[in-house]
Structure formats: C-alpha cells, structure tokens
Amino acid sequence: MPRLFVAIDLPEETKDQILGLREDDLPPGRWAGREALHLTLHFIGETPEKQARRYMQALQRVDLPDFALQIGGVGQFPVDDRPRVIWVGVRNTSALRALHEAAGRALQNQGFRQEQRRFHPHITLMRFKKPLRRGLASRWLQAHLDFHIESFSVREFALYESQLRPGGAVYTKRGVYALATP
Ligand code: ATP
Ligand code: MG
C-alpha cells in the first residue's frame, strides 16, 4: 500500500538556499537531500490503491489561486524537548492555511481523518535517530534564527508517495495540482 502525503515542492533556487544551511557544526544526523525538501500539508499514510485514486480525483477539485510562500527562521521538533527534527520555518499566512484547509476538506470528503494537531508549516532539514541531548543544537539554531529567503509563488501542490528506506525516505509525486490566478 502506498504511503501518501500532500505537500508543496520548492523551486530549485529555494532548495539551493536551504541546502546552503548544511554545515558540520551540528551533531551527526541525517540532512535532508535536495529531493527530500518539501512542505507537508497533510500526512495521509498507508492507503489502498483504490482509495489513493479517490484522493487524487478529490485534490484535482481544489480551486485556489497561487500565492507567495515566505520561508524564514529555523526551529526544532519537539519544540520544548530534545530535538528529533530541525526545520526551516514557513510563515503560516492565510493563503497557505486556505490551501491546507481546502486540501484537507477534499481528502475528508473521501474518508480521510485529518489530524487534530495544529498545522505548523515547516521544511524538515535534519533528522536525528535518537533525540539530541539538550542544548546540542541550540547554538546552531541561535545562529540561524535570522535565516530567510526571498518568497516565491506556489503554483501547484502534489500528492507524494513515500517509500521508507534505511538511508531515508524516497518520495515520488503521484499527482500534481495546479493553482492559478484567474
Ligand atoms: P522518515 O520517517 O524515514 O524519517 P519521512 O518522515 O520524511 O522519513 P514519512 O514518514 O513518509 O517520511 O513522512 C512523509 C512526510 O509527512 C514528511 O514530511 C513527514 O514529516 C510528514 N509526516 C509523517 N508523519 C506525520 C504525521 N503523523 N503528522 C504530520 N506529518 C507527518
Ligand atoms: Mg516519518
């Protein structure tokens, strides 16, 4: 069964800038490669193929204009504990929330149970198998709090399939859905 999620891909220049954050003054972990950089809107999980096709059709009906995505800041998950993930922040604008909600509704109409946690848009940069010891990442986080890049226009979003591999998940787009300003 495919493991699915809905996400926004990033322009290559944006990825270049994010990848420029890679440094070796962080404790060893798994840096996200170029192909792994994305902004997750909804994690769906393991889905029977027939159901996946229903989701694809439903997402085609999302009808929203393109919008600017603003990327900046860095942080960690969990926020108040030893980090498992280090991320680059994304401004939670009303246009981004509108897309998050519209995609969520489209999936829910096909039986998807949306998670109740608040949407916290981010781009995962690094993952640690074991949570880092407290404080180990704080210097790096402090040093990059001001990180930001020029906003870009989101013109599409995608349904991704994730294959979990020992070296990190491999993602493939199963469907791409255009946003357009009329
Ligand atoms: P790995 O699990 O091997 O570290 P990954 O997390 O990138 O790799 P997936 O677990 O398939 O791969 O997740 C795909 C995307 O969905 C990622 O952006 C991940 O952060 C996000 N995601 C996974 N599980 C959840 C969840 N329960 N809630 C919200 N987002 C999730
Ligand atoms: Mg995961």
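Indexing begins at 1, ligand by ligand and atom by atom, following the structure's order.
Here the shortest heavy-atom distance to atom 5 (P) of ligand 1, taken over Arg127, Gln163, Arg165, belongs to Arg127. When Phe43, Phe77, Tyr160, Phe5 are ranked by how near their heavy atoms come to atom 23 (C) of ligand 1, first place goes to Phe43. Comparing Arg3, Arg30, His38 by heavy-atom distance to atom 17 (C) of ligand 1, the nearest is His38.
At least one heavy atom of Tyr171 sits less than 4.0 Å from an atom of ligand 1.
When atom types are taken as modelled, the side chain of Gln116 and the backbone of Gln114 share a donor-acceptor pair closer than 3.5 angstrom. A donor-acceptor contact shorter than 3.5 Å is absent between the side chain of Glu161 and the backbone of Val170.
Glu35 and Lys15 are not joined by a salt bridge, as no carboxylate oxygen comes within less than 4.0 angstrom of a charged side-chain nitrogen.
The aromatic rings of His38 and Phe5 lie tilted to each other, with the angle between the two planes from 30° to 60°.
Side chains of Arg91 and Gln70: a donor on one and an acceptor on the other come within 3.5 Å.
For atom 29 (C) of ligand 1, the nearest protein heavy atom (residue, atom name, distance) is Glu115 OE2, 3.1 Å. The shortest contact between atom 19 (C) of ligand 1 and any protein heavy atom is with Thr40 OG1, 4.3 Å. Summary of contacts: the protein heavy atom closest to atom 8 (O) of ligand 1 is Ala169 CB, 3.5 Å.
For ligand 1, the polar-atom distance check against Ser162 finds a nitrogen or oxygen pair separated by under 3.5 Å.
For the side chain to side chain contact (heavy atoms under 4.5 Å, CB included) test with Phe128, the passing option among Ile86, Val85, Leu136 is Ile86; the others fail.
Within a 6.0 Å radius of CZ in Arg155, no more than 12 heavy atoms belonging to other residues, nucleotides or ligands are found.
The proximity of Leu164 to ligand 1, defined as any non-hydrogen pair under 4.0 Å, is limited to the side chain.
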